[in-house]
Number of protein chains: 2
Amino acid sequence: MDQVNLKKLAKELNLAVSTVSRALRDSHEISPQTKERVRELAEKLGFQPNPHASSLRQNKSKTIAVIIPEIENNFFSQVINGIESVTPNKGYHVLIYLTHEDYNKERDILQLLRNGRVDGIMVSVSNTTTNLDHIEAWHAAGIPLVLFDRTSEDLDVPNIMTNDAEMAFKATEHLLKRGCRNIAYLGMTGNLSISNRRKAGYLTALEKYKVPAPPQIIELTAKDYINRDILKQLFEQQPRPDGIFAAIEKFAVNAYEVCKELHLHIPQDVKVISFSNLQAAALFDPALSTIIQPAYDIGREAANILFKIIEKKMLMPYEKKMVLPSQLIERASTAVTGK
Amino acid sequence: MDQVNLKKLAKELNLAVSTVSRALRDSHEISPQTKERVRELAEKLGFQPNPHASSLRQNKSKTIAVIIPEIENNFFSQVINGIESVTPNKGYHVLIYLTHEDYNKERDILQLLRNGRVDGIMVSVSNTTTNLDHIEAWHAAGIPLVLFDRTSEDLDVPNIMTNDAEMAFKATEHLLKRGCRNIAYLGMTGNLSISNRRKAGYLTALEKYKVPAPPQIIELTAKDYINRDILKQLFEQQPRPDGIFAAIEKFAVNAYEVCKELHLHIPQDVKVISFSNLQAAALFDPALSTIIQPAYDIGREAANILFKIIEKKMLMPYEKKMVLPSQLIERASTAVTGK
DNA sequence: CTGTTAGCGCCTTCAG
DNA sequence: CTGAAGGCGCTAACAG
């Protein structure tokens with residue numbers, strides 16, 4: 001690899017390395033003619049400054065890391081899209097890390113990155129994460145960090161998320177208004193604040209509407225086949241739930257699968273609503289009522305806030321805890337039926 | 001940021017920097033006792049070597065780049081998942097770049113990375129890419145590169161893909177055997193070899209079965225609303241297509257949307273099959289027949305091959321052009337109906 | 001087995 | 001306006 005570097009340019013132009021460097025960075029103390037000559041040759045030879053050298057020298061990497069539980073998930077894909085809508089303009093690069101919902105991996109990744117490889121990180125914590133020391137330590141080290149979606153209210157770190165509790169309340173209320181009286185909540189295992197917010201919204205709605213049946217909080221996993229087993233049991237118990245509120249898109253899919261298998265009809269036998277960012281939800285049989293999260297915006301705003309911290313700008317109060325509203329879309333899966 | 005570095009460790013231990021460096025890299029020429037002392041302190045202080053310094057010194061970055069057209073697409077998400085199944089074991093980091101199907105962006109990204117920031121790249125080219133000089137130039141510079149899915153047979157570069165032509169043939173044949181006589185192909189604009197392979201499979205099937213109706217190759221775009229307009233026109237013409245073969249998942253979704261709007265029934269009025277990696281395809285109304293690509297495996301194998309090149313190992317002949325088979329799943333959208 | 005030395009390529013004083 | 005020199009942190013060649 002015959003890399004062109006500053007030295008080569010300097011020699012070719014009979015200039016000092018420092019002059020070339022300054023010319024390329026458009027320093028005001030270089031004559032226009034010299035700048036022009038330098039730029040011309042640099043262009044011609046396709047010069048690209050060695051990023052490791054400048055990172056080493058300047059102690060910044062022009063790189064951020066995005067740490068997410070999984071990627072086969074519309075929500076996180078859309079978030080990445082949102083992040084990518086700002087990074088190139090900032091001249092930044094994006095590293096992706098997957099924790100696969102494993103706390104140990106999450107902790108190790110953060111540890112691995114604590115050496116200047118990145119200028120900042122964006123994290124959506126795994127659902128097996130109960131101890132937030134690794135986040136705290138990172139933050140304490142003064143390295144820019146934002147949490148999104150799977151956030152934590154306990155730490156003094158910018159949180160970017162949606163109005164989970166409110167939408168969970170509305171979703172449950174929606175099911176109640178459509179006649180459900182025995183609503184099960186399908187959530188993640190773990191003790192994430194996002195789960196708690198959604199659970200709380202569900203419980204508040206049951207309470208407000210004085211539903212006699214006890215709440216049913218079902219904790220599902222990352223494995224489809226386990227979830228289907230659990231759901232089968234759920235549907236075979238008496239009284240059978242007549243409403244399902246899935247806090248995760250994947251779980252709604254699992255519920256549909258099991259209903260099909262058990263020949264339960266949606267929405268006649270059971271109504272379903274779910275947090276979901278799947279465009280194709282409208283094409284389901286029946287069309288799935290969803291709460292659409294502003295995933296792209298969450299990614300974009302989280303990135304913007306991270307860059308503000310990296311650039312040492314002051315954050316506005318609302319940027320420390322930003323809540324972007326979701327939208328409830330009513331479809332056939334929660335329609336009222338004659339039955 | 002009070003970074004610990006080799007110098008600090010060396011001073012603390014009364015050793016030379018090089019000794020500490022060697023101890024940490026488990027060099028055979030360091031006494032076990034010294035290694036132990038060094039490791040202990042390094043552990044205690046949470047030492048992480050500065051990656052920019054070693055990258056600069058060793059001229060390698062332990063980083064690869066994945067360059068894809070878009071990320072809100074199950075296929076590419078699953079590919080990334082596959083890639084990520086090998087990178088951490090190799091001690092490698094993954095940068096993500098999106099071209100948004102824009103040739104200029106693709107070219108610029110490759111240019112941007114030609115400075116040692118990455119040790120290799122994995123590319124799935126954009127559909128607006130007709131000129132492959134940027135790929136060729138990258139390859140000529142001797143930097144490791146593999147193409148996946150959206151590949152090019154013209155370049156002497158490892159290609160990892162699925163059996164597109166064969167599956168396109170089978171999909172078309174499947175529609176024919178289910179009674180379709182007027183099948184439209186929905187593909188991407190552009191002249192990608194993947195599109196050509198799928199188109200070719202479609203045309204071969206029509207030819208082999210001596211279908212009298214002329215082939216209908218419909219080119220759709222990245223914008224849903226444009227696609228819906230085009231499809232509406234398609235369905236309003238006479239004779240109306242009685243079969244749709246979508247080369248891209250998104251286009252099948254668009255077709256479903258339009259059928260719904262026009263009150264066309266699938267599969268009675270028109271049968272639909274599509275390349276798709278959407279788990280929820282089985283839940284569509286009606287369940288969508290799909291050709292499932294081995295996306296995860298493509299990602300994993302492409303990464304493995306890239307690492308072989310990076311490690312300067314010889315490639316087996318089959319690794320230069322690896323074809324991983326897809327699977328056709330027949331569902332209700334192509335069922336035979338009484339009508 | 002350990003220490004000394006010399007860069008990797010870039011940026012930033014400090015001198016002219 | 002330009003040049004010379006030093007050093008970011010790490011590794012590798014060369015001594016001992």
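Chain letters run A, B, ... following the sequence lines, proteins first and then strands; every chain starts at 1. None of the values given here were measured: they were computed from a predicted structure. Computed over heavy atoms, backbone and side chain alike; hydrogens, waters and symmetry mates excluded.
- Look at CG on B:D26: it is 13 Å from P on C:dC1, rounded to the nearest Å.
- Neither OP1 nor OP2 of D:dC1 sits under 4.0 Å from any side-chain N or O of A:S31.
- In this structure, the CD atom of B:Q33 is 10 Å from the C1' atom of C:dC1, given to the nearest Å.
- Atoms CZ (A:R25) and P (D:dT2) sit 17 Å apart, rounded to a whole Å.
- Spacing between atom CG of A:L24 and atom P of C:dG9 amounts to 16 Å, rounded to whole angstrom units.
- Donor-acceptor pairing under 3.5 Å is recorded for the side chains of B:S61 and B:D119.
- Of all the heavy atoms in A:T99 and A:P69, the pair that sits closest is OG1-CA, 3.2 Å.
- Among the atoms of the strands shown, only primed sugar atoms or phosphate atoms (P, OP1, OP2) are found under 4.0 Å from some heavy atom of B:T34.
- In this structure the side chain of A:L324 reaches within 4.5 angstrom of the side chain of A:E301, judged on heavy atoms.
- Backbone-only engagement by A:N14 is indicated by non-hydrogen atom pairs under 4.0 Å involving sugar-phosphate atoms exclusively.
- A:T129 and A:E106 are linked by a side-chain donor-acceptor pair at a separation below 3.5 angstrom, with hydrogens and angles left out of the test.
- Side chain of A:S55 to backbone of A:P51: a donor-acceptor contact under 3.5 angstrom is found.
- Counting all heavy atoms, side chain and backbone alike, B:T151 lies closest to B:S193 at O-OG, 2.7 Å.
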So which protein nitrogen or oxygen atoms get under 3.5 Å of nucleotides 13-16 of chain C's nitrogens or oxygens?
none

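- Atom CG of residue B:N159 and atom CG of residue B:L147 lie 5.5 Å apart, to the nearest 0.5 angstrom.
- Between the C1' atom of D:dC10 and the NZ atom of B:K62 lies a distance of 15 Å, rounded to the nearest Å.
- Of the side-chain N and O atoms in B:S21, none sit less than 4.0 angstrom from OP1 or OP2 of D:dC10.
- Look at A:D297 and A:R300 and you find a salt bridge, because one of the NZ, NE, NH1 or NH2 atoms lies within 4.0 Å of a carboxylate O, short of that distance.
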So which protein N/O to nucleotides 7-9 of chain D N/O distances come out below 3.5 Å?
unit_1: D:dG7; atom_1: N2; unit_2: A:R57; atom_2: NH1; d: 3.3
unit_1: D:dG9; atom_1: N2; unit_2: B:A53; atom_2: O; d: 3.4

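- In this structure, A:S27 contributes its side chain and A:I30 its backbone to no donor-acceptor pair below 3.5 Å.
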